[in-house]
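One structure below.
Computed from heavy atoms alone, side chains included, the values below leave out hydrogens, waters and symmetry copies. The structure presented is a predicted model; accordingly, all values stated were derived computationally and were not measured. In the text below, chain A, chain B and the rest are named by the order of the sequence lines, each starting its count at 1.
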Amino acid sequence: MEYSLVKQSHFNPQNLDPNNYLLSLLEAAQRAELISEGALQNAELQITEVLRVLIIRYSSGESSSVPVEIAENLLQSILFCMDTVCAEIKTPADCLDELLRRSMKDIYEEGLALVRSKVHDAKRLYRAVKGTRVCTPLVAYNTTIDEAVPGFFKTYDTAFNAHDTTASIDYPLAGGDINARGVIYILQYLERLKIENLFCKRFNEKDINQLLENYGRVYRIDYPEFLINIFEVVLTNSIFSVMLGTGAHNLAIQPGRISRLRERLAGLDTSVITVNFKSALDHVIEELGIEDPTMAAYVRQCGNGLLPRLINAVEQDSLQQLIIPVVTGQPEPEILFEPGTGMDNEAFRVLVRDLLGCDGPAEKAGLILSRVRSLVDFFDIFSADCLFDNDYPVLFTSLGNMELSMLIRIVFVDELRDNPDQFSLSTAISSAPESETEWVNHLIRFLSLLDEERTQAIEDLLQTETGMDV
Amino acid sequence: MSNIARFISPLVTTSRQRAINTLVSTNRLSQRHGLVLTEEDALQIIDARNEALKTMGRLEVGFEVINKIIRLFCPSPYINQTDYANTICELVEAFYYMKNETLEQIGDDDLIYIMRDLFDNRCFGSIELLTGRELEKLTAQIRSGHYYGRHNDEEEE
């Protein structure tokens, strides 16, 4: 009766692997000499017997052999179900006690039933997530809710593949990675997503979408296509809004206020910034009426994750990249060039004709930006003898950093390929020889006149992979 | 995962003596057809089975397949005592090979029956023709979706 020793032993092993709980617990118990090697082997043999039965069930009794990978997968499924039972037991000692008291088959069967009931729980939770969703054009958010999670429920196989988490869940959550598998992963994901949704529900949906649009404009991205966490963007501005004295519900922060906050925080000690920030976070929770302790803890955990970024932003003087300001004026053009959308010959001829009929550089630039969507067409315009010397600077001025970085990649293709990490745009510009191609000379001249900040921003884009496969 | 092997190995390591006894016990049926396995033959077949499972990356629960192959093939007029053990070894290898190649779409009993039918009626006892021609044809049929299952159960014992 080895198990009678367990409860008296204060057995409490550390570092048990949550994704391999039962086996790591049994091994720890054996190392602690609470169970004999024989008892451990007996437990393992019982699990093998469960596996034997499952292999036969898997092949519907028609085959006595299966590929080894299938057997391994079935074993993982068994252990996952058993771990699900273990996870419900408070302490490792209680769990070990239970494992020694009962047969492995019994625990597996309870685990299988538990996993099935968790699938029902997850489906209920999914309905709650759908009911609280934010109306947004964010693609990853929408496809995760509308396709990936239902897809998981359609394909999840509790009997033979309970540990599997095959689902194309792209939308990232603010609370970090979830270290779980199977239905437990989905449950935790949906629980967090529901909290994030309920948090966002405390704000005006229009304000949230305006904030996301500003986010896209600050980072010069087509934001609906990017993996942005809505909750985090909203929480960030809400906290800073409190720090600025404009209230937790306000998400629209004027750029001037960010400058003032930057000045206010610049000379402060890190510990003072920390106190200010934590107090603002407390205010957010209070002002938004967050009483549910789970939600409050989640908001606090994610909010605290912003603190190192704030301290860094104060040190680096880059607060304007952490807080999303209200961006006024005409929206900047979205990324001009799209793959595979070249004009047909007739449309191109019409464009050249219209360009030759334009009154001045500004009109030409406007026409090009409104009609050209392909980088190839853009280059063809350069060779179509329809631009004059004074047209180029105006055209380049109307391009964003992303478009300019695409042109730079063409011009400095060798330098970027040979030494991508050491590439310096200003050095490349200053050492570029006179080109035989007219537009290249104009571009280099234009780039040489840009201020340091913009040059740096373009250089940063050149170091990334995004949108660069031209 | 290192855990896997220690759960799987008890499934594949049947006691050798028990396996030998199981195979030798098939003599009760096969000797009616003039075929007998010695303990040495049984060992040879067991080794061939283990090697085939290893090579094909398969895991078998129990020892039934060899029994079934012997029971179904021993009435074949094309097997004689001289090459009995060798033929069983080759059939066992062909069986596991086919389990993989047919993408798990044919159950053990059906596959053994088909092999016996082809062995007797198309290959006239040539194991080379069975493995090299007929089973490849069967594989192609299954992979192209033109296999509709077996139709004749008369000869099954």
Side-chain angles (χ1 to χ4, degrees), chain A residues 16-28 30 37-83 86 104-105 107-108 160 163-164 181, chain B residues 1-15 19 22 48-71 91-115 142 149-150 156:
Chain A
L16 291 176
D17 178 359
N19 285 324
N20 188 27
Y21 189 83
L22 179 139
L23 294 182
S24 56
L25 177 67
L26 285 175
E27 283 161 8
Q30 202 240 315
E37 203 176 329
L40 178 63
Q41 279 173 0
N42 179 40
E44 289 176 358
L45 276 174
Q46 286 186 49
I47 295 171
T48 300
E49 179 56 22
V50 176
L51 174 61
R52 192 185 69 77
V53 172
L54 197 61
I55 287 174
I56 292 168
R57 195 177 300 156
Y58 175 82
S59 56
S60 315
E62 290 197 344
S63 181
S64 62
S65 65
V66 289
V68 171
E69 304 81 57
I70 300 278
E72 287 173 354
N73 203 57
L74 294 174
L75 178 62
Q76 290 295 331
S77 186
I78 291 167
L79 293 172
F80 175 81
C81 290
M82 298 176 87
D83 281 351
C86 295
M104 294 292 133
K105 178 173 175 270
I107 290 168
Y108 165 67
F160 303 121
H163 60 295
D164 190 36
R181 298 177 298 161
Chain B
M1 188 177 173
S2 61
N3 284 324
I4 302 290
R6 69 177 197 265
F7 291 97
I8 285 178
S9 59
L11 284 176
V12 292
T13 51
T14 312
S15 141
T22 307
R49 173 247 190 200
N50 291 345
E51 187 57 33
L53 282 169
K54 200 171 147 193
T55 310
M56 306 300 164
R58 297 186 70 82
L59 183 147
E60 186 166 57
V61 177
F63 215 69
E64 265 306 287
V65 162
I66 301 184
N67 265 343
K68 285 179 179 173
I69 289 175
I70 290 175
R71 280 204 302 274
L91 288 169
V92 165
E93 282 168 29
F95 172 84
Y96 293 120
Y97 171 74
M98 287 302 289
K99 286 297 282 188
N100 276 2
E101 292 299 302
T102 55
L103 312 172
E104 314 293 314
Q105 287 186 33
I106 309 185
D108 291 355
D109 293 350
D110 281 5
L111 180 57
I112 297 169
Y113 174 84
I114 291 166
M115 286 171 65
I142 287 169
R150 68 184 173 109
E156 199 171 11

Atom of [X], atom of [Y] and distance for their closest heavy-atom approach:
X       : Y        : result
A:Ser64 : B:Asp108 : N-OD2, 2.7 Å
B:Leu59 : A:Ile55  : CD2-CD1, 3.7 Å
A:Ser65 : B:Lys99  : OG-CE, 4.2 Å

Query raised in the report: Can you tell me if CZ on B:Phe95 sees more than 12 non-hydrogen neighbours from other groups inside 6.0 Å?
Result: yes
Report task. Measure distances from B:Glu64 to the heavy atoms of chain A and classify the residue's part below 4.5 Å as side chain, backbone, both or neither. Result -> neither
**Report entry** Heavy-atom check, side chain of A:Ser63 versus side chain of B:Arg58, under 4.5 Å
**Finding:** yes
**Report entry** Which portion of A:Ile70 sits near chain B, non-hydrogen atoms under 4.5 angstrom
**Finding:** neither
